[in-house]
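Structure first, commentary second.
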Amino acid sequence: MSTSSQHTSTPLAGAVAVVAGGTRGASRAIAVELGRAGATVYVTGRSSRGHRSEVDRPETIEGTADLVTAAGGSAIAVQVDHLDPAQVEGFAKRVDAEHGRIDVLVDGIWGGDHHLQWGRPVWEHSLEASLRMIRLGIDAHVVTAHHLLPLLVRRPGGLVVELTDGTAEYNATFREGTSLAFYVAKTAAHSLAIAEAAELRAHGCTAVALTPGWLRSEAMLDTFGVTEENWRDAVAKEPHFAISESPAFVGRAVAALAADPERARFSGRTLDSGGLARIYGIDDVDGSRPDGWRYMVEVAATGKPADTTGYR
């Protein structure tokens with residue numbers, strides 16, 4: 001992301017970023033932080049002010065673009081269904097015409113949580129819902145890579161971030177209580193990063209998978225009946241929620257990664273927000289530094305009660 005106009009507060013000045021599936025959650029915060037760091041950010045997704053996707057939530061791509069602008073950045077909201085190759089191809093042509101390249105591609109396409117029927121084996125889980133999760137978690141990512149990576153390889157130094165849920169270590173065994181399709185859809189990001197890293201290496205570009213910790217997304221806050229301001233009230237109901245993090249935490253992590261001239265050392269790996277925070281000295285909005293997946297691995301291994309000492 002080398003440019004002639006970088007400033008310490010805008011290390012990504014002049015960069016062109018695409019956040020696919022940037023409507024809400026981690027992707028929304030990543031778009032905001034990339035914009036704050038100086039990048040021009042294209043925000044794509046299915047939910048616009050004129051149309052709600054199957055997720056049926058109020059967040060929109062225009063809302064994300066407004067947040068980027070409020071943070072001092074530049075954003076362009078474009079409605080795209082990334083399962084439709086023609087739409088993604090058309091979007092790629094637009095970016096090519098307007099900027100001629102992509103420097104950062106964040107693939108946060110998902111929107112499949114409401115299809116998950118928790119704890120049901122594959123033969124009892126809705127087949128339609130299972131296949132929809134696979135389509136959203138794998139097919140949409142492959143379609144996006146096919147049409148947008150040609151713009152990323154125009155210059156050395158490009159970065160691809162495949163968002164997922166869980167570190168490679170945590171996902172090395174089946175996520176009990178989820179479902180086969182959810183597990184396959186989410187763990188696919190590890191393989192996508194490995195494959196993309198190999199295919200991008202000759203072009204001097206980097207690909208990683210990245211997971212936030214326990215994310216206080218809009219939907220998660222609604223589930224617990226709290227807001228970002230009083231989220232700690234939910235800890236009484238769910239003690240492990242004490243290790244949760246705001247979406248801004250992973251957003252700051254991606255912005256730091258994109259600005260790191262040595263980011264190629266991570267290519268092909270699955271990273272997490274807590275690990276990147278340690279590397280780059282990043283804090284969450286409350287000044288803490290949650291290390292959610294290290295905590296969850298420890299809980300899974302020991303069954304110890306919730307105690308975030310040393311993990312936040």
Side-chain angles (χ1 to χ4, degrees), residues 1 3 6-43 59 63-75 103-108 159-167 189 206 208-218 220-221 228-229 231 243-263 265-266 269-295 308 311-312:
M1 252 72 25
T3 70
Q6 284 188 357
H7 185 273
T8 54
S9 62
T10 54
L12 299 180
V16 179
V18 172
V19 180
T23 312
R24 59 185 66 84
S27 299
R28 166 172 276 192
I30 290 168
V32 170
E33 296 305 324
L34 290 174
R36 193 191 309 277
T40 295
V41 185
Y42 285 89
V43 181
E59 299 85 20
T64 299
D66 288 346
L67 291 173
V68 174
T69 301
S74 175
D103 298 304
V104 181
L105 171 60
V106 179
D107 195 336
L159 171 66
V160 180
V161 179
E162 295 280 357
L163 289 185
T164 188
D165 180 5
T167 62
T206 297
V208 301
L210 174 66
T211 178
W214 191 340
L215 191 74
R216 294 195 301 272
S217 65
E218 299 89 349
M220 185 61 66
L221 292 171
E228 181 58 31
E229 288 66 37
W231 68 267
I243 201 63
S244 66
E245 63 193 54
S246 79
F249 191 54
V250 70
R252 292 171 177 180
V254 172
L257 178 67
D260 182 357
E262 304 299 326
R263 59 191 166 276
R265 69 191 188 275
F266 298 120
R269 291 174 52 185
T270 296
L271 309 173
D272 67 283
S273 52
L276 287 179
R278 293 195 303 274
I279 293 169
Y280 294 121
I282 295 164
D283 292 332
D284 206 344
V285 292
D286 61 0
S288 70
R289 193 173 293 176
D291 200 349
W293 287 108
R294 189 167 64 90
Y295 171 86
T308 60
Y311 298 94
R312 190 169 193 99

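What you are looking at is a predicted structure, and each value in this text was computed from that prediction instead of being measured. For the numbers below, each heavy atom of this structure counts, side chains included, while hydrogens, waters and symmetry mates do not.
- Between atom OG of residue Ser74 and atom OH of residue Tyr42 there is a gap of 9.0 Å, rounded to the nearest 0.5 Å.
- Of the candidates Leu34, Val19, Leu271, Val254 forms a side chain to side chain contact (heavy atoms under 4.5 Å, CB included) with just one, namely Leu34.
- Put simply, the side chain of Asp103 gets close to the backbone of Val16: a donor and an acceptor are under 3.5 Å apart.
- When only modelled atom types and interatomic distance are considered, Trp231 and Ser244 share no side-chain donor-acceptor pair under 3.5 Å.
- Considering CZ of Arg216 and CG of Leu221, their distance stands at 7.0 Å, rounded to 0.5 Å.
- In this structure, a donor-acceptor pair under 3.5 Å is absent between the side chains of Glu228 and Ser246.
- Formation of a donor-acceptor pair under 3.5 Å by the Arg289 side chain with backbone atoms of Arg278 is not found in this model.
- A side-chain donor-acceptor contact under 3.5 Å links Thr64 to the backbone of Thr23.
- Annotation for Ala248 and Val285: closest pair CB-CG1, 3.7 Å, computed over non-hydrogen atoms.
- Under the 3.5 Å distance criterion, the side-chain polar atoms of Arg265 are matched with a main-chain donor or acceptor of Glu262.
- Taking the side chain as every heavy atom from C-beta outward, Asp260 and Tyr280 approach each other to under 4.5 Å.
- Looking at every heavy atom in both residues, Asp165 comes nearest to Trp293 through OD1-CZ2, 3.4 Å.
- Between the side chains of Arg312 and Ser288, at least one donor N or O lies within less than 3.5 Å of an accepting N or O.
- In this structure a side-chain-to-backbone donor-acceptor pair under 3.5 Å is present from Arg252 to Asp283.
- With hydrogens and angles disregarded, a donor-acceptor distance shorter than 3.5 Å links the side chain of Ser27 to the backbone of Gly21.
- A donor-acceptor pair is defined here as one N or O able to donate and one able to accept, closer than 3.5 Å; no such pair exists between the side chain of Arg294 and the backbone of Asp291.
- Closest non-hydrogen pair, Leu163 versus Ala26, comes out as CD1-CB, 4.3 Å.
- Side-chain atoms of Ile279 and Phe266, non-hydrogen and from C-beta on, do get closer than 4.5 Å to each other.
- When all heavy atoms of Thr270 and Gly166 are compared, the closest pair comes out as CG2-O, 4.2 Å.
- Judged by distance alone, with hydrogens and angles left aside, the side-chain atoms of Glu245 form no donor-acceptor pair with the main-chain N or O of Leu215 at under 3.5 Å.
- From Arg24, atom CZ reaches atom CD of Glu218 across 7.5 Å, with rounding to the nearest 0.5 Å.
- Remark: side-chain polar atoms of Asp272 are paired, donor with acceptor, to backbone N or O of Gly274 under 3.5 angstrom.
- Under a 3.5 Å cut-off, the side chain of Ser217 and the backbone N or O of Met220 do form a donor-acceptor pair.
- Residues Val68 and Gly35 share a closest heavy-atom pair of CG1-CA, 3.9 Å.
- Here the side chains of Val208 and Leu257 are in contact, with some heavy-atom distance below 4.5 Å.
- How far CG of Leu210 is from OG1 of Thr167: 11.0 Å, rounded to the nearest 0.5 Å.
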